[in-house]
Participant: 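Quick one: structure below, then a few questions.
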Protein chains: 2
Amino acid sequence: MEHELFVVALGGNALLDPKEKGTTEEQMRSAERTCELLAPLLKPEFHLVITHGNGPQVGNINLQQELASSEVPPLSLDTCVAMSEGSMGHFLQMGMLNVLRRHQYRRYVVTTITQVIVDPQDPAFQKPSKPVGSFYTADQAQKLMAERQWIMKEDSKRGWRRVVPSPKPVKVIQRHMIKTQVLFGDIVICVGGGGVPVMKLPDKTYKAVEAVIDKDLASANLASNIRADCLIILTAVPNVCVHFKTPQEKKLGHVTTKELRKYLEEGHFAEGSMRPKVEAALYHLANEGRRVIITDIESLPRALEGKAGTHIQRYQED
Amino acid sequence: MEHELFVVALGGNALLDPKEKGTTEEQMRSAERTCELLAPLLKPEFHLVITHGNGPQVGNINLQQELASSEVPPLSLDTCVAMSEGSMGHFLQMGMLNVLRRHQYRRYVVTTITQVIVDPQDPAFQKPSKPVGSFYTADQAQKLMAERQWIMKEDSKRGWRRVVPSPKPVKVIQRHMIKTQVLFGDIVICVGGGGVPVMKLPDKTYKAVEAVIDKDLASANLASNIRADCLIILTAVPNVCVHFKTPQEKKLGHVTTKELRKYLEEGHFAEGSMRPKVEAALYHLANEGRRVIITDIESLPRALEGKAGTHIQRYQED
């Protein structure tokens, strides 16, 4: 039997409904619901890697670090990402175990704390742009910038907020282990929150860095490195659209990289929303990738049959 | 070349010096120092699994959950254990990468979020005994017991504290994946804090449970299941002693399970200290285990040459 290898990137909201508070029970329930919707990919003919965002979760962890800072030293952002990989891995493992047993699939699931190499020369380190954590008053911000060497920016209405660099992923350190494990038939959860950013310094030592890696780009990087047959990026809408939310809105079904790149250059996709997903898809297809699907989790079963979602294939001359 | 498979159980203090506050930098430094002391086991002829305690770390996470509880729902104890597996896995992975490169070993390191099956019928669930988290006043304790269904006990001097069950580990769910990975030459970090306790309910579903598994016993269980050649339990002292801290104190060098069981029954080993380590050693040797060493990390290199530490071998009639 030929096994197809899928990498599926879940949004952070797939595991914490923004309308909910984020209790353990709510997150366990969301994780199990998400795993149930992934059921078509659990069949023995597929190999499956699951990656995920961690926006709301790492936000909560950060807030806890700050609110308890008089008693417990707040840990670095990279450590908070690793903690969210732990908690979310636990939720997904629980949900997945239950779904696997319900469908009588004899497979196991494992979560890997994933480190991702970033380049110290990445221009992102010169202009930190990704907001993280809570909002502060100008006075609090002055203090934090002095005490913690944070870089902070003022948001038009809501106050001051820390910004960190968002460098490009160079390589997932644990890629070989992830590939080995998945080829053994296990379902692997990894690259949570885009992975923990790590730099290799000129003296050859490794150093963790307070930054955030885009989870779709990190997933695309991993998918290329482990030669996935298909990268699925799950988002809030069933299709990538051009002229989104205008009377000319048009859902994209099957597109080539050439067409999609043209739409990207024309500015059809919103920063921080569909744009990074489209960029991740194009990155993967420019790096040995074969197929990318962008859709929402509800459309996934039909998308796997080619009847829903946006399907992107490499333009033959690429 | 014949590869020997070692499981090494680190104490939680190996990664957070009780004299330090627990900043990221301190924990990174402790982790790298610990990994450097493990260097003799990183040679290509050894396969290595590292497990670890998480006492001070999960204590800090718990405290953060409580101090921030007005803003962020506190997550369950099992989730906090998974978070500590994330943070400590990150620290150990960083330290290990640096030590591996410094010694020019071309190996990788991976952390697995580990779930451990416990038995719902375990008598520990009838009498929760393991204290976790902070101390509270009687009034606060009344409120927490009512609101969160916590079981709390009064400590002679320091106030009220939550107690949770400490059930025996039945099986490490991810044992097959850990074995696969380690046989590929990767160093695997797992069973942090004894693992995340999970029950299999009569309806065959899995449910996480707020409990704490003894990390030495969980490590011994894993070591038996993956047929380790040697289990090393690292602690604060170079040897197991009888008549500890009395004029008759005697360090144990090489002992059989029969001798050690006799000492255990005579009450030589302190509850919550050496006793669980001795019990873990005896458990492993009664379950197909071959060799157990109990020592401190500083003595490890000499212990591997048989010149330090307490070495326990199966009594032939066992």
Side-chain angles (χ1 to χ4, degrees), chain A residues 21-28 60-61 63-68 70-76 78-91 93-94 97-98 101-102 108-115 173-174 176-178 180-181 184 186 188-189 192 196 198 204-208, chain B residues 21-28 60-61 63-68 70-76 78-91 93-94 97-98 101-102 108-115 173-174 176-178 180-181 184 186 188-189 192 196 198 204-208:
Chain A
K21 284 184 188 166
T23 64
T24 305
E25 293 69 26
E26 287 167 347
Q27 295 196 67
M28 287 274 188
N60 279 351
I61 293 174
L63 189 53
Q64 290 171 325
Q65 304 286 318
E66 294 310 315
L67 292 172
S70 61
E71 300 277 335
V72 181
L75 299 175
S76 63
D78 43 284
T79 308
C80 294
V81 172
M83 289 166 82
S84 74
E85 291 189 340
S87 57
M88 298 178 74
H90 172 45
F91 297 144
Q93 285 184 187
M94 289 307 303
L97 280 175
N98 280 327
R101 296 304 166 261
R102 200 179 297 143
Y108 280 94
V109 54
V110 64
T111 300
T112 295
I113 300 300
T114 317
Q115 297 167 315
I173 297 186
Q174 284 78 18
H176 302 300
M177 290 85 118
I178 293 166
T180 302
Q181 210 67 72
F184 264 78
D186 300 323
V188 182
I189 299 163
V196 183
V198 168
K204 303 262 170 95
T205 58
Y206 293 86
K207 192 181 179 332
Chain B
K21 284 183 187 166
T23 64
T24 305
E25 294 68 28
E26 287 167 347
Q27 296 196 66
M28 287 273 187
N60 279 350
I61 293 174
L63 188 53
Q64 290 171 326
Q65 303 287 318
E66 294 311 315
L67 292 173
S70 61
E71 300 277 334
V72 180
L75 299 175
S76 62
D78 44 285
T79 308
C80 294
V81 172
M83 289 165 82
S84 75
E85 291 190 339
S87 58
M88 297 179 74
H90 173 46
F91 297 145
Q93 285 185 186
M94 289 306 303
L97 279 175
N98 281 326
R101 296 305 166 262
R102 201 179 296 141
Y108 281 92
V109 54
V110 64
T111 300
T112 295
I113 300 300
T114 316
Q115 297 167 316
I173 297 186
Q174 284 78 18
H176 303 300
M177 292 84 117
I178 292 165
T180 302
Q181 210 67 71
F184 263 77
D186 299 322
V188 182
I189 299 163
V196 182
V198 168
K204 300 262 170 96
T205 58
Y206 293 87
K207 192 178 178 334

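Chain letters run A, B, ... following the sequence lines, proteins first, then strands; residues in each count from 1.
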Participant: Please report the interatomic distance CD(Glu85(A)) to CD1(Ile189(A)), rounded to the nearest 0.5 Å.
Facilitator: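 Reported value, rounded in 0.5 Å steps: 11.0 Å.
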Participant: Please classify the contact between Asp186(A) and chain B as side chain, backbone, both or neither, with a heavy-atom cut-off of under 4.5 Å.
Facilitator: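 Contact with chain B is through the side chain of Asp186(A) alone.
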Participant: Under the criterion side-chain contact (heavy atoms from CB on, under 4.5 Å), I'd like the reasoning laid out for Asn98(A) against Thr205(B): C-alpha separation, chi angles, the key distance, then a yes or no.
Facilitator: CA-CA 6 Å; Asn98(A) 280 327; Thr205(B) 58; 3.5 Å; yes
Participant: Give the member of Glu71(A), Glu66(A), Met177(A) that has the highest number of heavy-atom pairs under 4.5 Å with chain B.
Facilitator: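 Highest number of pairs under 4.5 Å: Met177(A).
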Participant: Sort out for me which of Val81(A), Ile178(A), Ile61(A), Ile173(A) touches chain B most, counting heavy-atom pairs under 4.5 Å.
Facilitator: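 Option with the top pair count is Ile173(A).
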Participant: Is Thr23(B) close to chain A through its backbone or its side chain, or both, or neither, when contacts mean heavy atoms under 4.5 Å?
Facilitator: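 Both backbone and side chain.
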Participant: Please round to the nearest 0.5 Å and tell me the distance separating atom CZ of Phe91(A) and atom OG of Ser84(A).
Facilitator: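 Output value for this atom pair is 10.5 Å.
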Participant: Do you know which of Gln27(A), Met94(A), Lys21(A) has the most heavy-atom pairs with chain B at a distance under 4.5 angstrom?
Facilitator: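 The option with the most such pairs is Met94(A).
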Participant: Using heavy-atom distances under 4.5 Å, tell me whether Phe184(A) contacts chain B through its side chain, its backbone, both, or neither.
Facilitator: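 The answer is the side chain of Phe184(A).
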Participant: Looking at Ile113(B) and Ala82(B), what are the two nearest heavy atoms and their distance?
Facilitator: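 Shortest heavy-atom separation between Ile113(B) and Ala82(B) comes out as CD1-O, 3.9 Å.
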Participant: Please state whether the side chain, the backbone, both or neither of Gln64(A) comes within less than 4.5 Å of a heavy atom of chain B.
Facilitator: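 It is both, since atoms from each part get that close.
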Participant: Based on non-hydrogen pairs under 4.5 Å, which of Gly86(A), Gly192(A), Gly89(A), Gly22(A) is most in contact with chain B?
Facilitator: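 Ranked by contacts with chain B, first place is Gly86(A).
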Participant: Evaluate the side-chain contact (heavy atoms from CB on, under 4.5 Å) criterion for residues Thr112(A) and Gln181(A): first the C-alpha distance (whole Å), next the side-chain angles of each, then the deciding distance (0.1 Å), finally the verdict.
Facilitator: CA-CA 10 Å; Thr112(A) 295; Gln181(A) 210 67 72; over 6 Å; no
Participant: Just so I understand: if I count every heavy-atom pair under 4.5 Å between each of Gln93(A), Glu26(A), Arg102(A) and chain B, which residue has the most?
Facilitator: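 The answer is Gln93(A).
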Participant: Quick check: closest heavy atoms across Pro74(A) and Thr24(B), and the distance to 0.1 Å?
Facilitator: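 Nearest heavy atoms, Pro74(A) then Thr24(B): O-OG1, 4.2 Å.
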Participant: Output the option from Leu63(A), Asp78(A), Val198(A) having the highest count of non-hydrogen pairs under 4.5 Å with chain B.
Facilitator: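 Maximum pair count with chain B is reached by Asp78(A).
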Participant: Please classify the contact of Val109(B) with chain A as side chain, backbone, both or neither, using a heavy-atom distance under 4.5 Å.
Facilitator: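 When you check distances to chain A, only backbone atoms of Val109(B) fall under 4.5 Å.
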Participant: Against chain B, label Met28(A) side chain, backbone, both or neither, depending on which of its atoms sit under 4.5 Å from a heavy atom there.
Facilitator: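 Contact with chain B: side chain only.
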Participant: For residues Pro73(B) and Gln65(B), report the shortest heavy-atom separation together with the two atoms involved.
Facilitator: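 That would be O-OE1, 4.2 Å.
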Participant: Answer whether the closest heavy-atom distance between the side chains of Leu75(A) and Met83(A) falls below 4.5 Å.
Facilitator: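 Yes. Closest side-chain heavy atoms under 4.5 Å.
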